[in-house]
Amino acid sequence: MDKRSLAHLAGRFREAEIRTKILRQELAEAIREATKDGVPQKDICEVTGYTRQQVRRIVQSEDEAEPDGQSAGSNAEAGALDTSE
């Protein structure tokens with residue numbers, strides 16, 4: 001593999017990381033919305049593959065939102081895809 005090919009692949013990887021971050025935030029918002037709409041946590045876990053603890057962290061992170069609109073619980077969203085718990 002030459003330097004140009006490696007650079008191209010590294011660029012694609014960085015783009016995928018950005019897309020993953022955006023999708024993770026969108027999924028976290030959808031989980032919060034589903035919770036507000038009364039979807040059982042069991043169903044949310046089944047569909048997302050997250051544990052109940054991960055879902056609780058995501059939902060609670062909204063309750064801890066800071067005044068500037070940023071979520072103090074963004075670590076809950078960032079770690080949500082880690083299903084090793």
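- Summarising the geometry, atom CD1 belonging to I44 is positioned 10.0 Å from atom CZ belonging to R52; distances are rounded to the nearest 0.5 Å.
- Among pairs with a residue in residues 3-21, none fulfils salt bridge (Lys or Arg N to Asp or Glu O under 4.0 Å), at least two apart in sequence or across chains.
- Between the OG1 atom of T35 and the CD atom of Q60 there is a distance of 10.5 Å, given to the nearest 0.5 Å.
- Separating the CZ atom in F13 from the OG1 atom in T20 is a distance of 8.5 Å, to the nearest 0.5 Å.
- When all heavy atoms are compared, the tightest approach of M1 to L9 is CE-CD2, 4.4 Å.
- Side-chain N/O atoms of R56 and T51 include no donor and acceptor closer than 3.5 Å.
- In the hydrophobic clustering of ILVMFWY residues, with side-chain heavy atoms under 4.5 Å counting as a link, V39 and I58 come out together.
- Sorted by first then second residue, the salt bridge (Lys or Arg N to Asp or Glu O under 4.0 Å) pairs that include residues 34-45, not counting sequence neighbours, are K36-E62.
- In this structure, CG in L27 is found 10.0 Å from CZ in R32, a value given to the nearest 0.5 Å.
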